[in-house]
Amino acid sequence: MAAFNFTPSDPSTFILMGIPGLEAAHIWISIPFSMFYIINLLGNFTLLCVVGKEQTLHKPMYLLLCMLALTDIATPTFVMPKALGIFWFNLKGITMAACLTQMFFLHIVSVMHSATLVTMAFDRYVAICIPLRYATVLSNALIAKLELVGLIRAVLFILPLLLLLSRQPFCANRIIPHTQCEHIAVFKMVCGDITVNRIYSLVLGFVVMGFDLTLIALSYGQIIRAVLRISSKNAHQKALNTCTTHICLMLTYYAPSIFSNLTYRFGQGIAPHVQVILSDLYLLIPPMLNPIIYGIRTKELRDKVGKYICCRR
C-alpha cells in the first residue's frame with residue numbers, strides 16, 4: 001500500500017482490491033476479460049463503420065443500433081482499463097474524484113442504454129401497428145431528439161445520486177473489494193447517515209427501470225394485439241421475427257442487471273468474489289453479445305457486414 005502513497009488519513013484515495021480472495025489468479029482472470037473486451041470493441045466498431053458507410057442503412061432502426069453500440073463500447077471502457085491495471089500491475093489506488101466520475105458515467109450509460117431499448121420498442125410498435133405511417137412518424141431527426149431526451153434524463157437522475165454521495169464522510173478504511181467503484185460497495189465505506197442515499201438509489205432504480213419496462217410492455221401489448229389480428233401465417237411470422245432481435249437485446253440487458261442488483265442487495269450468502277465476477281461479466285458479456293445478436297438476426301445488416309469484410313480483405 002505504501003507504493004501508492006496511501007494512508008488512512010488521505011481523504012482523496014481509495015483502494016480497489018480487484019477480485020477478493022482470488023488475487024493470485026488475477027493474471028489468469030484477465031485473459032478471458034481481455035478477450036471479451038476486444039471482441040466487444042471489434043463487433044461494435046464494425047457495426048458503426050458499416051452503418052456509417054452504407055447510405056441504405058441510414059434508417060431509424062440502424063441509428064438506434066448505433067446508439068446501442070456506443071453504449072456497449074462505453075460500458076466496459078469505463079471499467080476495463082482500471083481493472084486490467086489491477087490485474088497486471090497491481091495498480092489499486094484511485095482518487096475519490098476518479099471513483100465518483102467512473103460511477104457517474106457508468107450510471108449515465110446504463111440509463112441511456114435502457115432509454116434506447118424503449119425507443120427501439122416504440123420503433124417496433126410503429127413498424128408493426130401502423131406500418132403505412134412509419135416513414136412519417138419516425139425519422140432520423142426524431143430518433144436524435146429522443147436520444148437527447150434520454151441523455152438529459154440520465155444526467156438529471158444520476159447527478160443527485162453522486163452529489164449526495166460526495167458530501168458523505170468516508171471511514172478510515174477506504175478499501176473497496178471490487179474491480180470498480182460499484183456504488184453499493186462505496187456506500188458501505190460511508191461513516192455518516194446514508195438513509196437518504198439508500199432511498200434515492202432504490203427509488204431511482206424502480207423509477208428508471210419500472211418506467212422503461214412499463215413503456216416496453218405497453219408497446220409489446222399493442223404489438224401482440226396487432227399480430228393476433230393478422231390472418232396470414234406468413235405475415236404473422238414476419239411480424240414476430242421483427243421483434244425477436246429486440247427481445248433478445250432486452251433479455252441480455254435487463255435480466256443480468258436485475259440479477260446483479262438482487263445479488264448485491266440480498267445475496268449475503270454469496271461469496272464476495274462470485275459477486276464481483278458476476279458484476280464484471282454483466283458489464284462485459286451483454287455488450288459483446290449484442291452486435292452478434294443483431295448481426296445474425298438482421299439479414300440486411302448481416303449482408304452489409306459480409307460485404308464490408310470482403311472489401312476490406
Side-chain angles (χ1 to χ4, degrees), residues 1-24 26 29 33 75-87 89-111 157-206 208 257 259-283:
M1 302 232 176
F4 310 112
N5 193 28
F6 173 77
T7 61
S9 61
D10 184 358
S12 63
T13 306
F14 297 147
I15 295 295
L16 290 168
M17 294 306 297
I19 302 178
L22 297 178
E23 288 83 359
H26 274 175
I29 294 171
F33 278 30
T75 298
T77 299
F78 289 129
V79 174
M80 283 307 297
K82 182 60 183 177
L84 293 177
I86 297 170
F87 294 157
F89 308 112
N90 205 35
L91 299 175
K92 298 181 178 180
I94 185 170
T95 64
M96 184 173 72
C99 188
L100 294 177
T101 300
Q102 185 190 62
M103 289 175 59
F104 176 73
F105 283 109
L106 276 174
H107 282 77
I108 289 288
V109 170
S110 179
V111 176
F157 281 173
I158 299 303
L159 194 57
L161 182 71
L162 275 297
L163 290 177
L164 286 170
L165 187 60
S166 66
R167 295 174 180 272
Q168 292 288 349
F170 291 93
C171 300
N173 182 17
R174 299 185 181 91
I175 297 176
I176 304 175
H178 213 299
T179 57
Q180 57 174 292
C181 291
E182 205 280 330
H183 71 282
I184 296 178
V186 176
F187 276 172
K188 292 179 180 179
M189 296 191 304
V190 174
C191 289
D193 184 9
I194 59 171
T195 302
V196 175
N197 300 65
R198 286 186 179 277
I199 292 173
Y200 186 81
S201 177
L202 286 170
V203 170
L204 180 63
F206 281 116
V208 172
S257 176
F259 179 76
S260 179
N261 279 305
L262 289 177
T263 54
Y264 258 99
R265 295 183 185 278
F266 308 109
Q268 287 81 6
I270 301 175
H273 67 273
V274 175
Q275 291 184 339
V276 173
I277 290 173
L278 288 175
S279 178
D280 287 340
L281 290 178
Y282 160 63
L283 297 177

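- Looking at His26, its side chain does come within 3.5 Å of a backbone N or O of Ile19 through a donor-acceptor pair.
- We find the OG-NE2 distance between Ser279 and His178 to be 3.5 Å, quoted to the nearest 0.5 Å.
- Residues passing the side-chain contact (heavy atoms from CB on, under 4.5 Å) test with Phe187, sequence neighbours excluded: Leu161, Leu165, His183, Ile194, Asn197, Ser201.
- Nearest approach of Pro81 to Pro76, heavy atoms of both residues: CD-O, 4.1 Å.
- Between atom CD1 of residue Ile175 and atom NZ of residue Lys188 there is a gap of 14.5 Å, rounded to the nearest 0.5 Å.
- Note that CG of Leu100 is 12.0 Å distant from CZ of Phe105, once rounded to the nearest 0.5 Å.
- Heavy-atom minimum distance, Lys92 versus Asn90: CE-OD1, 2.8 Å.
- Between Met103 and Val186, the closest heavy-atom pair is SD-CG2, 3.9 Å.
- For the atom pair Arg198 CZ and Asp193 CG, the distance stands at 10.0 Å (nearest 0.5 Å).
- Distance check: Thr77 OG1 to Leu106 CG gives 10.0 Å after rounding to the nearest 0.5 Å.
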Verdict with supporting geometry, Leu281 and Phe33, side chain to side chain contact (heavy atoms under 4.5 Å, CB included): CA-CA 8 Å; Leu281 290 178; Phe33 278 30; 3.9 Å; yes
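- Counting only heavy atoms from C-beta outward, the side chains of Asp280 and Ile29 never approach each other to under 4.5 Å.
- Leu16 pairs by the side-chain contact (heavy atoms from CB on, under 4.5 Å) definition with Lys82, Ile86, Ile94, Ile176, Cys181, not counting sequence neighbours.
- Nearest approach of Ile15 to Gly93, heavy atoms of both residues: CD1-CA, 4.0 Å.
- Counting heavy atoms from C-beta outward, Pro160 and Tyr200 have side chains that approach closer than 4.5 Å.
- For the pair Phe14/Met189, a side-chain contact is recorded, criterion being any heavy-atom separation below 4.5 Å from C-beta on.
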Thr179 vs Phe87, side chain to side chain contact (heavy atoms under 4.5 Å, CB included): CA-CA, chis, key distance, verdict: CA-CA 9 Å; Thr179 57; Phe87 294 157; 3.8 Å; yes
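- Here the closest non-hydrogen pair linking Gly18 and Val276 is O-CG1, 3.9 Å.
- Every side-chain contact (heavy atoms from CB on, under 4.5 Å) that Leu278 has, sequence neighbours left out, goes to Phe259, Val274.
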CA sep, side-chain torsions, deciding dist, call: Gln102, Gln180, side chain to side chain contact (heavy atoms under 4.5 Å, CB included): CA-CA 8 Å; Gln102 185 190 62; Gln180 57 174 292; 3.7 Å; yes
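- Taking the side chain as every heavy atom from C-beta outward, Leu283 and Phe78 never approach each other to under 4.5 Å.
- Of all heavy-atom pairs between Met17 and Pro177, the closest is CB-CA, 4.1 Å.
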